[in-house]
Novice: 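After the structure tokens below, expect a handful of questions from me.
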Amino acid sequence: MDAPRYNTREAEAKWQKKWDESGVFLARNEDPRPKYYVLEMFPYPSGRIHMGHVRNYAMGDVVARFMRAQGYNVLHPMGWDAFGLPAENAAVQNKTDPAAWTYANIAAMRAQLKSMGLSIDWSREIATCDPAYYKHQQKMFLDFLAAGLVDRKKSKVNWDPVDETVLANEQVIDGRGWRSGAPVEQRELTQWFLKISAFAEDLLDSLDRLDRWPEKVRLMQRNWIGKSEGLSIRFALAPGKLDAREIEIYTTRPDTLFGAKFLALAPDHPLAERAAERDPSLAAFIAECNLRGTSEAAIETAKKRGYDTGLRARHPFDSDWLLPVYVANFVLMEYGTGAIFGCPAHDQRDLEFANAYGLGNTPVICPPGIDPTTFKIADEAYEGDGTLINARFLDGLSVEAAKKEVVRRLEAARLDGRPQAKRQIHFRLRDWGISRQRYWGCPIPIIHCKKCGVVPVPETDLPVELPHDVSFDQPGNPLARHPTWKQVTCPTCGGPATRETDTMDTFVDSSWYFLRFTDPWNAAAPTTERAVTHWLPVDQYIGGIEHAILHLLYSRFFTRAMQQTGHADSLKEPFAGLFTQGMVVHETYRTADGGYVSPAEISIESGPEGRCAFIREGHRPVEIGPIEKMSKSKRNTVDPDEIIASYGADTARWFMLSDSPPERDVIWTEEGVQGAAKFVQRVWRLVGELALVAAPEGAPSPPRFSAPAREIRKAAHAALVRVEDDLRRLRFNRAIAQIYDLANKLSAAIGAIEAPSISPDLRFAFREAADIFVRLFAPMMPHLAEESWAQFGHAGLVAEAPWPVAEKSLIAEDTVNLPVQVNGRKRADLVIERNADTAAIERAALALDGVRRALDGKPVKKVVIVPQRIVNVVA
RNA sequence: GCGGGCGUGGCGGAACUGGUAGACGCGCCGGACUCAAAAUCCGGUUCCCUUCAAACGGAGUGUCGGUUCGACUCCGACCGCCCGCACCA
């Protein structure tokens with residue numbers, strides 16, 4: 001009697017093979033159907049997939065399968081972000097070749113991803129460490145160089161002492177390297193930069209049009225780009241020890257100019273350094289500032305400190321008004337002009353500084369409703385709006401008007417024959433330093449010649465390939481100490497020259513891989529214009545929020561640079577739709593001595609005191625700790641391989657998508673997985689039962705349907721409408737709830753069958769509902785869906801079956817159930833004809849027992865009727 | 001400090017643009033099947049009051065107030081948690 005269990009292992013292997021052989025997931029560039037490009041952020045080949053990957057790729061696969069069923073030509077590719085430091089670390093530890101290590105990892109992870117049953121076009125697979133890939137990247141670097149989008153300059157850079165390489169600003173998190181976690185040091189090095197700042201304005205403005213991006217990500221990018229509109233003003237210096245004539249400062253508050261008390265220079269401002277040459281104690285102060293600047297702890301606690309240079313600057317509106325010039329620890333050389341004027345009354349930092357050095361303050365902006373004669377500033381600067389006071393010709397103006405007036409006057413004023421001030425827009429965004437002093441990355445295709453300087457590698461010599469005979473027995477860059485690799489002849493003069501030994505930041509590799517997927521077979525060029533135009537932008541990109549700035553900003557820059565150099569003529573924005581999924585988190589377990597224990601080693605028991613955890617071996621109790629992101633250090637990871645082996649890929653996918661909204665963290669629990677596994681078996685039993693009661697495929701639609709048949713049809717079509725809507729909006733958890741609901745209703749309908757023979761209309765309804773049901777869960781549980789589809793006698797694959805079309809007329813009811821409230825509280829239900837007029841509804845509502853009881857004889861003041869929704873009786 | 005998000009049963013979460021709060025799942029409780037267990041199936045499950053049981057009733061979406069016929073949803077203040085940025089002139 002018992003239905004056979006669904007054998008996940010056999011079925012999943014079988015259908016994966018079928019998909020593979022039939023090539024259903026291969027996307028053709030010439031396909032005439034409308035295109036849809038869905039992409040998940042490609043993985044780093046660490047060696048094993050983790051649950052975060054499972055979640056990410058399960059989501060993308062649902063979208064891909066759903067859109068395919070919707071009739072789209074879907075591109076859903078996969079590749080490997082294959083360069084990077086872990087390969088070198090492995091090389092050091094295991095004496096392996098980074099390339100061999102990487103490719104072995106790729107093979108292992110490819111097999112794991114395939115076991116998930118993802119609908120990926122594997123014919124387009126790429127690895128960024130493949131010379132066939134990075135050759136094009138080198139070509140683009142040279143094109144960017146020719147187009148003026150590459151810079152080589154000496155600058156202060158973030159140096160990671162553990163990874164022994166430079167990091168971009170975006171890769172420094174809280175003063176530490178994003179990968180090593182080591183406190184970052186400042187070093188002065190000559191580096192290659194991509195001029196992302198050239199596109200700052202466009203990168204900022206275009207954010208407004210990315211309406212299918214999370215607002216949070218757009219905001220983070222907006223803040224990162226950090227546009228500020230202000231005025232740079234040149235202050236003349238009174239004659240003094242130095243022969244300097246002026247200081248240029250930057251301000252966004254020119255309206256407060258009459259509140260000025262001092263000027264301040266960054267410790268590394270050129271003028272400060274010159275002054276220090278004559279003043280040893282200033283030099284000492286600057287040295288101290290530089291020391292502090294590097295440690296993050298110092299920044300938080302740093303007091304405002306300064307040193308009077310002795311220089312005096314003339315106020316732009318009053319040449320007799322002299323302002324002291326300080327070097328101050330809170331002024332940054334990297335921002336604006338590295339110099340400010342201080343207005344203590346209206347800037348908190350300036351106030352703290354002025355109070356520390358007894359410089360006083362003069363309020364020049366009076367808040368609304370405050371008496372200007374008594375308005376005083378003590379410890380808190382007033383940074384709000386108001387009316388100008390103590391400000392000569394600006395008195396009485398608003399802040400806005402005062403700004404305009406100062407700008408107008410100073411732009412017209414001359415100092416040494418040039419305008420004294422000019423409006424300036426400043427961005428926080430710095431150029432992207434891409435030089436890395438590492439081996440396992442894309443070589444920068446440059447040759448250094450003593451005679452000719454920096455010479456690009458000729459295109460015909462590309463790719464500049466990494467050598468394989470390198471040693472990792474000492475720290476530093478193996479490329480730099482390779483005996484022969486860097487020795488070349490200069491392409492220009494033919495003399496002896498050396499290769500650039502820096503490689504590119506791996507974020508360059510990931511800045512254009514999504515373009516390469518559109519035609520990975522093009523050996524001659526990075527992209528094929530027709531393919532790019534056809535597929536891009538990516539319609540739905542899915543990945544972690546941790547790339548909100550790094551990868552997503554770099555890619556937006558890169559497509560612009562590619563557009564400018566003819567590699568993506570029609571493209572500006574790479575990702576039309578972005579979705580950032582939450583993390584996979586899990587309980588932690590610790591023994592009495594504080595050591596972490598992995599979930600695989602413990603069992604959970606529910607007792608009278610709630611849940612308790614024990615180590616299986618020896619039944620020793622462990623403490624259940626907080627729920628945290630899965631990580632090796634907390635030992636709270638769950639291995640996808642083990643889950644797939646014991647429960648199947650469909651179970652893992654279903655659970656990943658079911659419990660939490662996709663943008664939030666999902667808590668991985670053993671109970672949850674078991675629930676999903678139980679549902680897989682339940683569906684299989686239900687499918688068996690449906691197969692017995694359903695009409696054969698192609699059975700004609702009967703002319704009339706009985707009430708039970710209509711109920712079944714209604715349930716199926718209602719679920720269809722909802723699931724479709726939820727999947728379109730990536731609300732996987734809701735879609736799954738609808739599917740559970742439909743399964744419950746179908747089970748109940750089968751249980752309700754009484755007659756020994758089932759009427760044709762009921763059989764037809766079951767048939768229709770069964771076919772809809774399978775296609776609804778197919779995007780999430782594709783293997784079970786194929787097995788079910790075959791069970792129902794369909795010849796083709798459900799992966800190729802079109803999405804069913806909902807019949808809206810089946811969902812609409814003849815009668816509606818209107819809740820009736822009295823004074824906003826529900827007191828009764830009113831079942832009434834759908835088209836009943838308001839008078840009839842009111843009459844019927846007032847006649848209800850529950851309503852009469854609640855009214856208790858009180859007179860009715862008013863009856864609010866919202867058609868199809870609700871009735872509210874006000875008494 | 002600045003900016004943003006979030007607070008709903010024992011738990012994860014539903015509730016479309018203000019209209020029946022708690023869909024669906026997990027867990028738990030009870031029952032059926034079984035020698036027993038697992039699996040499966042059926043029923044119950046916000047809290048309080050009343051009750052053999054129910055009906056009826058009351059309270060309820062972090063707290064306090066407001067707008068509205070009606071508030072998880074809108075507005076104001078506060079409390080708590082999370083995230084991003086941070087001496088940015």
Side-chain angles (χ1 to χ4, degrees), chain A residues 2-3 5 173-174 214-217 219-224 226-228 230-232 249-253 256 264 266 293 296 299-300 302-304 328-332 334-343 347-350 352-353 383 426-428 545 548-549 606 610-611 654-655 658-661 663-667 669-676 678-679 681-682 685 722 725-726 729 731 733-744 747 751 817-829 850 853-854 861-866 868-875:
Chain A
D2 280 355
R5 277 180 70 80
I173 316 289
D174 293 335
E215 183 53 39
K216 181 183 170 73
V217 174
L219 194 74
M220 282 167 71
Q221 292 211 355
R222 231 172 254 134
N223 291 340
W224 188 263
K227 181 179 180 176
S228 88
L231 192 67
S232 74
I249 63 94
Y250 176 72
T251 181
T252 55
R253 295 295 302 274
T256 64
E296 36 144 8
I299 290 174
E300 280 168 24
K303 289 220 163 55
K304 304 286 172 287
N329 63 346
F330 65 93
V331 182
L332 305 174
E334 301 85 66
Y335 195 82
T337 58
I340 61 158
F341 86 82
C343 174
D347 182 289
Q348 190 58 36
R349 287 160 312 160
D350 295 349
E352 285 168 28
F353 187 80
E383 299 183 355
H426 263 287
F427 292 97
R428 213 187 75 104
I545 186 81
I549 294 181
S606 299
R611 296 171 71 248
W654 185 258
F655 174 59
S658 64
D659 255 15
S660 303
E663 69 278 7
R664 275 197 234 170
D665 291 351
V666 63
I667 306 170
T669 62
E670 189 59 25
E671 294 90 337
V673 187
Q674 279 167 6
K678 275 199 269 183
F679 186 64
Q681 294 301 336
R682 189 177 152 214
R685 283 193 305 274
R722 295 199 184 112
D725 183 51
D726 286 333
R729 293 151 79 169
R731 306 210 287 198
N733 58 319
R734 285 179 27 138
I736 280 174
Q738 299 300 341
I739 292 168
Y740 270 113
D741 206 33
L742 178 58
N744 290 344
S747 294
N817 185 9
L818 286 181
V820 182
Q821 300 180 327
V822 176
N823 291 332
R825 252 196 181 284
K826 191 197 160 196
R827 296 297 178 184
D829 280 303
R853 197 164 42 231
K861 283 199 201 118
K862 160 168 144 181
V863 179
V864 180
I865 295 169
V866 184
Q868 324 273 318
R869 270 273 150 84
I870 204 164
V871 178
N872 191 12
V873 179
V874 187

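Bear in mind the structure is a predicted one, so any value in this text is a computation, not a measurement.
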Novice: Counting N and O atoms only, with roles assigned by atom type, does the side chain of A/Asn872 sit under 3.5 Å from a partner on the main chain of A/Gly824, one being a donor and the other an acceptor?
Specialist: yes
Novice: Rounded to whole Å, how long is the line connecting atom CZ of A/Phe330 with atom P of B/A86?
Specialist: 18 Å
Novice: Nearest to the A/Arg853 side chain among B/C56, B/C41, B/A89, which nucleotide is it?
Specialist: B/C56
Novice: Less than 3.5 Å between a donor and an acceptor, one on the side chain of A/Asn223 and one on the base of B/C85, is that the case here?
Specialist: no
Novice: Does any non-hydrogen side-chain atom of A/Val873 lie less than 4.5 Å from one of A/Arg827?
Specialist: no
Novice: Identify which nucleotide among B/C85, B/G12, B/A89 has an atom closest to any side-chain atom of A/Arg428, counting heavy atoms from C-beta outward.
Specialist: B/C85
Novice: Would you mind telling me which residue lines up with the more 5' stretch of RNA chain B, A/Asn872 or A/Gln674, judged by nearest nucleotide?
Specialist: A/Gln674
Novice: Dot-bracket for RNA chain B, 5' to 3', counting Watson-Crick or G-U wobble pairs under 3.5 Å, with [ ] for crossing pairs and | for inter-strand pairs?
Specialist: (((((((..(((......[....)))((((((.......))))))(((........)))..(((((..]....))))))))))))....
Novice: Kindly indicate, with the supporting measurements, whether the criterion side chain to side chain contact (heavy atoms under 4.5 Å, CB included) is fulfilled by A/Tyr335 and A/Ile340.
Specialist: CA-CA 10 Å; A/Tyr335 195 82; A/Ile340 61 158; over 6 Å; no
Novice: For B/C87, does the base pair up with any side-chain atom of A/Lys304 as donor and acceptor (N or O, under 3.5 Å, distance only)?
Specialist: yes
Novice: To the nearest angstrom, how far is A/Ile545 atom CD1 from B/C6 atom P?
Specialist: 14 Å
Novice: Would you check if A/Val331 and A/Arg349 make a side-chain contact, meaning some heavy-atom pair closer than 4.5 Å?
Specialist: no
Novice: Calculate the interatomic distance between A/Glu383 atom CD and B/C87 atom C1'; express it in whole Å.
Specialist: 12 Å
Novice: For nucleotides B/U73 and B/G18, find the distance between their P atoms and express it as a whole number of Å.
Specialist: 11 Å
Novice: Charged N to carboxylate O under 4.0 angstrom, A/Glu215 versus A/Arg222?
Specialist: yes
Novice: With a 4.5 Å heavy-atom cut-off, do A/Arg682 and A/Ser747 have their side chains touching?
Specialist: yes
Novice: Can you tell if the side chain of A/Val874 reaches within under 4.5 Å of the side chain of A/Asn823, non-hydrogen atoms only?
Specialist: yes
Novice: Will you find, in the side chains of A/Tyr250 and A/Ser228, an N or O donor that is under 3.5 Å from an N or O acceptor?
Specialist: yes
Novice: Distance check needed: B/U17 C1' versus A/Arg729 CZ, whole Å only.
Specialist: 11 Å
Novice: If you measure from the C1' atom in B/U46 to the same atom in B/A14, how many Å do you get, rounded?
Specialist: 15 Å
Novice: Write down the distance between CH2 (A/Trp224) and P (B/C88), rounded to a whole number of angstrom.
Specialist: 15 Å
Novice: What does A/Val820 touch in the nucleic acid at a heavy-atom separation under 4.0 angstrom: a base, only the sugar-phosphate, or nothing?
Specialist: nothing
Novice: With sequence neighbours left out, what residues match A/Lys227 under salt bridge (charged side-chain N to carboxylate O under 4.0 Å, His left out)?
Specialist: A/Glu201
Novice: Does B/G58 have its OP1 or OP2 closer than 4.0 Å to a side-chain nitrogen or oxygen of A/Arg827?
Specialist: yes
Novice: For A/Ile870, does its backbone N or O pair with a side-chain atom of A/Gln821 as donor and acceptor, under 3.5 Å?
Specialist: no
Novice: Which value, in whole Å, describes the distance between the C1' atoms of nucleotides B/C49 and B/A55?
Specialist: 13 Å
Novice: Pull up the glycosidic torsion of B/G65 and say syn or anti, syn being anything within 90° of 0.
Specialist: anti
Novice: Is the shortest heavy-atom distance from the side chain of A/Ile736 to the side chain of A/Phe655 under 4.5 Å?
Specialist: no
Novice: Between B/G13 atom P and A/Asp726 atom CG, what is the distance in whole Å?
Specialist: 17 Å
Novice: Rounding to an integer number of angstrom, what distance separates B/G22 and B/G44 when you compare their C1' atoms?
Specialist: 16 Å
Novice: Quick one, give me the B/S/- string for nucleotides 21-26 of chain B, reading 5' to 3', where B means a protein heavy atom under 4.0 Å from the base and S means that only happens at the primed atoms, P, OP1 or OP2.
Specialist: --BSSS
Novice: Figure out the CG/P separation between A/Leu332 and B/C85, and round it to whole Å.
Specialist: 16 Å
Novice: Ignoring backbone atoms, establish whether A/Arg664 has a side-chain N or O less than 4.0 Å from OP1 or OP2 of B/G13.
Specialist: yes
Novice: When the P atoms of B/C28 and B/A39 are considered, how many whole Å apart are they?
Specialist: 11 Å
Novice: When the C1' atoms of B/A32 and B/C26 are compared, how many Å lie between them, rounded to an integer?
Specialist: 23 Å
Novice: Rounded to whole angstroms, how far apart are CZ on A/Phe341 and C1' on B/A89?
Specialist: 9 Å
Novice: Under 4.0 Å between any heavy atoms, over every strand shown, what does A/Val864 touch: base, sugar-phosphate, or nothing? Just pick one.
Specialist: base
Novice: Any heavy-atom pair between the side chains of A/Asp347 and A/Phe353 that's under 4.5 Å?
Specialist: no
Novice: Would you classify A/Leu219 as touching base, sugar-phosphate or nothing, given that sugar-phosphate means primed atoms plus P, OP1 and OP2, and contacts are heavy atoms under 4.0 Å?
Specialist: sugar-phosphate
Novice: Please state the C1' separation for the pair B/C6 and B/G13 - nearest whole angstrom.
Specialist: 14 Å
Novice: More 5' along RNA chain B: A/Tyr335 or A/Asp829, using each one's nearest nucleotide?
Specialist: A/Asp829
Novice: Which whole number of Å gives the distance between the C1' atom of B/G25 and that of B/U63?
Specialist: 31 Å
